[in-house]
K.L.:
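Supplied in structure tokens, the structure appears directly below.
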Amino acid sequence: MYHNFINSEWVEGLDVSTNINPSDTRDIIGHYARACETQARTAFAAASQAFPTWGAWGPQQRSDALDMIGSEILARRDELADLLAREEGKALQDARGEVLRAGQIFKFFAGECLRLPGELLASTRPGMTVEITREPVGVVTVITPWNFPLAIPAWKIAPALAYGNTVVFKPAELVPGCAWALTEIISRAGLPAGTFNLVMGRSRDIGNVLLEDPRLSAISFTGSEATGRKVAQAAIGRPGGMARFQLEMGGKNPLVVLDDADLEVAVSCALDGAYHATGQRCTASSRLIVTDKVHDRFVAAMLARLPSLKVGDARSNGTRIGPVVDASQLDQDLAYIQHGLSEGAQLVYGGHALQEIEGKPGFYLQPALFIGASSSMRICQEEIFGPVAAVIRVADADEALTVANDTPFGLSAGVCTTSIKRAAQFKRELQAGMVMVNAPTAGVDPHAPFGGRKSSSYGAREQGRYALEFFTHVKTSYINP
Ligand code: ADP
């Protein structure tokens with residue numbers, strides 16, 4: 001039985017959730033406490049009380065604590081990757097990459113504790129100095145999705161703590177195991193009681209408290225667009241004052257393949273971007289926009305390489321694509337495959353569910369490739385969040401650019417070309433927060449800003465030094481000596 005962590009105590013919930021392995025639904029990972037509303041409020045009270053104490057810790061002390069957390073994550077990489085693969089279904093090699101990233105993020109922000117920047121400006125008034133400093137925001141609600149159960153919590157919690165904030169962390173219901181493991185590591189870093197709190201539970205039970213408690217100052221959210229809107233409305237409409245918020249939501253990321261692309265590079269980018277991590281990444285490329293001259297060769301090369309993406313138990317040797325995370329996500333993926341067929345796209349590979357692999361019942365789906373798709377189809381407009389990609393054939397680079405931008409989202413976008421001129425043009429004109437040239441749309445560095453535009457994101461960027469913007473207040477002081 002795994003408990004919540006509130007005010008530095010492990011607390012039983014009202015009831016429990018059963019955490020199931022999507023690669024083998026007979027395998028129960030554990031039972032995890034579900035918090036009630038009162039417990040969530042207690043977490044905010046604790047975080048609020050801890051705020052001055054944590055803020056008073058010097059930067060070196062905070063840095064040491066974050067460094068310790070990062071070191072333990074890295075030292076336990078194999079064990080945590082195994083848990084992640086077992087709980088979320090990410091193939092072990094991807095899970096290992098995610099653990100590495102989570103550890104590196106804590107290490108990065110351990111360094112940032114000691115590099116809090118400020119600025120001095122000359123005043124327009126004689127003798128006066130203008131000083132610009134940063135201060136922590138207060139209590140931060142961290143709400144995370146299931147698809148990166150360690151890395152996303154890490155990239156919100158580490159900067160929140162580094163800049164002197166206290167945290168109430170609510171992980172997605174499907175992945176309490178990774179959240180609990182991370183919390184257990186943080187619980188031994190010596191932070192003042194109440195600085196970091198874990199409340200696992202159903203959003204319908206505790207969602208309102210997480211968004212509206214009067215003691216919270218900011219909400220950092222990653223999840224669906226629909227929930228993102230609710231977060232925004234709650235934060236703005238909160239009785240007693242607005243809360244600051246930051247939203248990372250969906251993506252419908254294009255990978256453009258131009259006539260002059262290195263085909264091998266393009267196919268590798270497409271396979272990785274569309275199917276690795278079972279396509280369950282907000283940066284996945286589910287739209288493959290390919291110019292006419294290279295289209296047939298690209299599709300043939302994809303079909304030749306797709307069988308090498310072995311679907312199986314996330315923890316088995318040789319598995320490249322783990323299962324879909326749960327039954328309802330699998331239903332959603334299959335429904336989109338049906339939409340694709342009924343709208344006239346041609347399914348040329350995969351797309352069928354497999355009830356079991358090697359005797360293990362799981363939510364397996366053979367990666368699907370459509371051709372003959374057009375930009376207006378639902379499979380090319382809506383986020384599927386599964387191993388499903390569609391090729392859209394276009395006449396030339398100009399049409400490719402128009403189609404690439406024909407989406408309500410704008411997180412990541414890729415182009416494969418050997419022309420420096422074309423690469424520069426796409427880098428300039430793609431309407432996305434992140435542009436990848438001859439690289440998959442997914443897979444980012446932990447120290448670089450992450451985020452998008454249009455319906456993909458709202459608010460300040462995450463990760464790297466840009467995280468400072470969300471997790472600190474700016475204070476401008478005028479000093480007349
Ligand atoms: P996903 O499709 O990735 O599960 P959701 O937006 O449903 O996306 O969930 C993302 C996170 O937001 C999860 O931790 C979920 O529990 C949480 N969440 C969902 N609805 C609410 C809500 N009304 N209030 C607060 N958190 C919520």
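Ligands are counted one by one from 1 in listed order, and the atoms in each one are counted from 1 as well. Values below: all heavy atoms of this structure, side chains included; hydrogens, waters and symmetry mates excluded.
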K.L.:
Check each protein residue for a heavy atom under 4.0 Å from ligand 1 and list those that pass, ordered by chain and number.
P.N.:
I143, T144, P145, W146, K170, P171, A172, E173, S203, G207, L211, F221, T222, G223, S224, T227
K.L.:
Please say whether more than 12 non-hydrogen atoms of neighbouring residues, nucleotides or ligands are located less than 6.0 Å from CZ in R229.
P.N.:
no
K.L.:
Taking atom CD of E212 as the centre, does the number of heavy atoms from other residues, nucleotides or ligands within less than 6.0 Å exceed 12?
P.N.:
yes
K.L.:
Per the side-chain hydrogen bond (donor to acceptor under 3.5 Å, both in side chains) rule, what does the pair list look like for residues 443-454, sequence neighbours excluded?
P.N.:
Q431-K454
K.L.:
Measuring only between side-chain heavy atoms, which start at C-beta, is I143 closer than 4.5 Å to T222?
P.N.:
no
K.L.:
Scan for salt bridge (Lys or Arg N to Asp or Glu O under 4.0 Å) pairs involving residues 150-164, sequence neighbours excluded, and state none if there are none.
P.N.:
K156-E462
K.L.:
Excluding sequence neighbours, so at least two apart, what forms ring-ring contact (aromatic ring centres under 6.0 Å, His included) with Y275?
P.N.:
none
